[in-house]
Amino acid sequence: MVLIDAAPHTERMAQSVLLTGAAGRVGTAILGGLSDDYEWRLLDRDPPTGDQPGEFVVADITDGEAVREAMEGIDVVIHLAGDPRPEAPWNSVLTNNIDGTQTVFEAAVDAGVEKVAFASSNHAVGNYETEERTPEMYRAHDDYLLDGTELPRPSNLYGVSKAAGETLGRYYHDEYDLSVVCVRIGNLTEGHPPIDYERGQAMWLSYRDCAHLFDRCIQADYDYEIVYGISDNDRKYYSLERARDVLDYDPQDNSAHYDGDERVLEPDA
Ligand SMILES: NC(=O)C1=CN([C@@H]2O[C@H](COP(=O)(O)OP(=O)(O)OC[C@H]3O[C@@H](n4cnc5c(N)ncnc54)[C@H](O)[C@@H]3O)[C@@H](O)[C@H]2O)C=CC1
Ligand SMILES: O=C1O[C@H](COP(=O)(O)O)[C@@H](O)[C@H](O)[C@H]1O
């Protein structure tokens, strides 16, 4: 494990948060909105490329000793590190997503961490998108809705690994009383929703809403939860009810406000 010094803290902030996979897209979105709000410890196997808040631990999440060390003094973990590719092969998701996630949960319990927010995925339930239901279910007039109580129906081995991560979270909550929220993230893109991609527009998560959602995961009280992580898109087949009720998630963005890459309506239109 390599520890890279960062700017000294001038005051102690409310909570210490370990962010795994900090160098990636979701980590960038979270830090873009919340860098000043917490005492951050960032972890990634890739070293940082620019200025980062807090301290940065260069480590692999499958390295139990390094993860245990990184967990010391931490209140909340946001666990993003893993192979994010829907087409990722089994050996990679087995190592990075399943073994790595088990290592993170185990170390969190050992260190007395209060809460873990786990980055799950739409691909854990991707096979609800059957030929009969699509593409209609991606459109605003269709009322087909998944709410997080349904069983996983993964659309690939990556989705299987995310369902496994959710189940690991269930186990560590039931057995050790760890608070766990699994966020089934939709499609995170910066600036505007995916273009010419109905499915991606229906499950768009803006950077701003992403940061706010994980802020709520840090702040809210919960036992074990599965919520969907998307913006408040007119077209949607994932319910936001649980995220709103349990986390007080209040998304600001909506893919319907965009025409291609242009915002065409006011945020509250
Ligand atoms: N970007 C999206 O739209 C979505 C992302 N997710 C999940 O969110 C998480 C983050 O995704 P992105 O930021 O998009 O991916 P990314 O590839 O941009 O970031 C992942 C980060 O994790 C690190 N990492 C991977 N394996 C690691 C390991 N074994 N040890 C330490 N670090 C490791 C990588 O170096 C990378 O910086 C992933 O778990 C992904 O499955 C889920 C649904 C949608
Ligand atoms: O879980 C993930 O989902 C998003 C959206 O899936 P896609 O099949 O519409 O691309 C994906 O972009 C991301 O890489 C992945 O981690």
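Hydrogens, waters and symmetry mates play no part in the numbers below; they use all other heavy atoms, side chains included. Note that ligands are numbered from 1 as they come in the structure, with each ligand's atoms numbered from 1 the same way. Quantities reported herein were computed from a predicted structural model and do not represent experimental measurements.
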Inset, instruction - Decide whether Y144 and L151 are clustered together by the hydrophobic rule: side chain heavy atoms of Ile, Leu, Val, Met, Phe, Trp, Tyr closer than 4.5 Å, transitively. - result: yes

Inset, instruction - Take N127 and S155 through the test side chain to side chain donor-acceptor pair (under 3.5 Å) and record every step on the way to the result. - result: CA-CA 5 Å; N127 262 330; S155 38; 5.6 Å; no

Inset, instruction - Using distance alone, with no hydrogens and no angle criterion, decide if R153 and Y128 have a side-chain donor and acceptor under 3.5 Å apart. - result: no

Legend entry - Nearest-contact summary for atom 4 (C) of ligand 2 - protein heavy atom, Å: G186 O, 3.6 Å

Legend entry - Between S231 and N233, a side-chain donor and acceptor under 3.5 Å: no

Legend entry - Shortest protein heavy-atom distance from atom 40 (C) of ligand 1, along with the residue and atom involved: Y158 OH, 3.5 Å

Legend entry - atom 6 (O) of ligand 2 [closest protein heavy-atom partner, distance rounded to 0.1 Å]: H123 NE2, 3.1 Å

Inset, instruction - Around atom 30 (N) of ligand 1, find the nearest protein heavy atom and jot down its residue, atom name and distance. - result: I61 N, 3.0 Å

Legend entry - V17 with Y222, same ILVMFWY side-chain cluster at under 4.5 Å: yes

Inset, instruction - Could you verify whether a donor N or O on one side chain and an acceptor N or O on the other, from S92 and N96, lie under 3.5 Å apart? - result: yes

Inset, instruction - Please confirm whether R216 makes a cation-pi placement over Y249, using NZ or CZ under 6.0 Å from the six-membered ring centre and within 45° of the ring normal. - result: no

Inset, instruction - Would you please indicate yes or no on a ring centroid separation below 6.0 angstrom for W204 and Y258? - result: yes

Inset, instruction - Of all the heavy-atom pairs spanning K115 and A220, show the shortest one and how long it is. - result: NZ-O, 2.8 Å

Inset, instruction - Indicate yes or no: does an N/O atom of L43 lie under 3.5 Å from an N/O atom of ligand 1? - result: no

Legend entry - Exceeds 12 heavy-atom contacts within 6.0 angstrom, atom CG of D46: yes

Inset, instruction - Using the six-membered ring wherever Trp is involved, compare the ring planes of Y172 and Y176 and label them parallel, tilted or perpendicular (cut-offs 30° and 60°). - result: parallel

Legend entry - Protein contact of atom 3 (O) of ligand 2 - nearest heavy atom, named by residue and atom, plus distance: N122 ND2, 3.1 Å

Legend entry - Under-4.0 Å protein heavy-atom contact, atom 11 (C) of ligand 2: no

Legend entry - Per-residue contact class, K162 against ligand 1 - non-hydrogen pairs under 4.0 Å: side chain

Inset, instruction - Answer with yes or no whether the side chains of D234 and N254 bring together a donor and an acceptor at under 3.5 Å. - result: yes

Inset, instruction - State if A59 counts as touching ligand 1 under the rule of any non-hydrogen atom under 4.0 Å. - result: yes

Legend entry - D248 and R244 ion-paired at < 4.0 Å: no

Inset, instruction - Identify the protein heavy atom lying closest to atom 20 (C) of ligand 1, giving its residue, its atom name and the separation to 0.1 Å. - result: G82 O, 4.0 Å

Inset, instruction - For ligand 2, note which part of K162 has a heavy atom under 4.0 Å away: side chain, backbone, both or neither. - result: neither

Legend entry - Shortest protein contact, atom 4 (C) of ligand 1 (heavy atom only): I185 CG2, 3.9 Å

Legend entry - Pair D232 + K236, salt bridge at N-O below 4.0 Å: yes

Inset, instruction - May I ask you to list the atoms of ligand 2 that are less than 4.0 angstrom from any heavy atom of R199? - result: 6 (O), 7 (P), 8 (O), 9 (O)

Legend entry - Neighbour count above 12 (heavy atom, 6.0 Å) for E136 CD: yes

Inset, instruction - Determine, for R263 against D253, whether the closest basic-nitrogen to carboxylate-oxygen distance falls under 4.0 angstrom. - result: yes

Inset, instruction - Give the residue, atom name and distance (to 0.1 Å) of the protein heavy atom nearest atom 9 (O) of ligand 2. - result: Y197 OH, 2.3 Å

Inset, instruction - May I ask whether R25 places a heavy atom under 4.0 Å from ligand 2? - result: yes

Inset, instruction - Pick whichever of S121, A124, G159, G126 has a heavy atom sitting closest to atom 1 (O) of ligand 2. - result: S121

Inset, instruction - Answer yes or no: does an N/O atom from R45 fall short of 3.5 Å to an N/O atom of ligand 1? - result: yes

Inset, instruction - Would you mind running through ligand 1 and noting each atom that sits below 4.0 Å from a heavy atom of D46? - result: 35 (O)

Legend entry - Close N or O approach (Y158, ligand 2; < 3.5 Å): yes

Inset, instruction - May I ask you to check if ligand 1 and G21 share an N or O to N or O distance below 3.5 Å? - result: no

Legend entry - Heteroatom distance test (N187, ligand 1): nitrogen or oxygen, under 3.5 angstrom: no

Legend entry - Nearest neighbour in protein (non-hydrogen) for atom 3 (O) of ligand 1: L188 N, 3.0 Å

Legend entry - Protein contact of atom 35 (O) of ligand 1 - nearest heavy atom, named by residue and atom, plus distance: D44 OD1, 2.6 Å

Inset, instruction - Scan side-chain atoms only and decide if Q219 and Q15 contain a donor-acceptor pair under the 3.5 Å cut-off. - result: yes

Legend entry - Option set A119, S120, A88, G27, criterion heavy-atom distance to atom 42 (C) of ligand 1, minimum: S120

Legend entry - Check: T62 N/O within less than 3.5 Å of ligand 1 N/O: no

Legend entry - D60 N/O to ligand 1 N/O under 3.5 Å: yes

Legend entry - Shortest protein heavy-atom distance from atom 10 (C) of ligand 1, along with the residue and atom involved: L80 O, 3.5 Å

Inset, instruction - Give the ring-plane orientation class for H123 versus Y158, where under 30° counts as parallel, over 60° as perpendicular and anything between as tilted. - result: perpendicular

Inset, instruction - Please write down residue, atom name and distance for the protein heavy atom closest to atom 19 (O) of ligand 1. - result: G24 CA, 3.2 Å

Inset, instruction - Looking only at distances, please establish whether an N/O atom of ligand 1 is found under 3.5 Å from an N/O atom of P84. - result: no

Inset, instruction - Would you mind running through ligand 1 and noting each atom that sits below 4.0 Å from a heavy atom of G186? - result: 3 (O), 43 (C), 44 (C)

Legend entry - Distance from atom 15 (C) of ligand 2 to nearest protein heavy atom, with residue and atom: P84 O, 3.1 Å

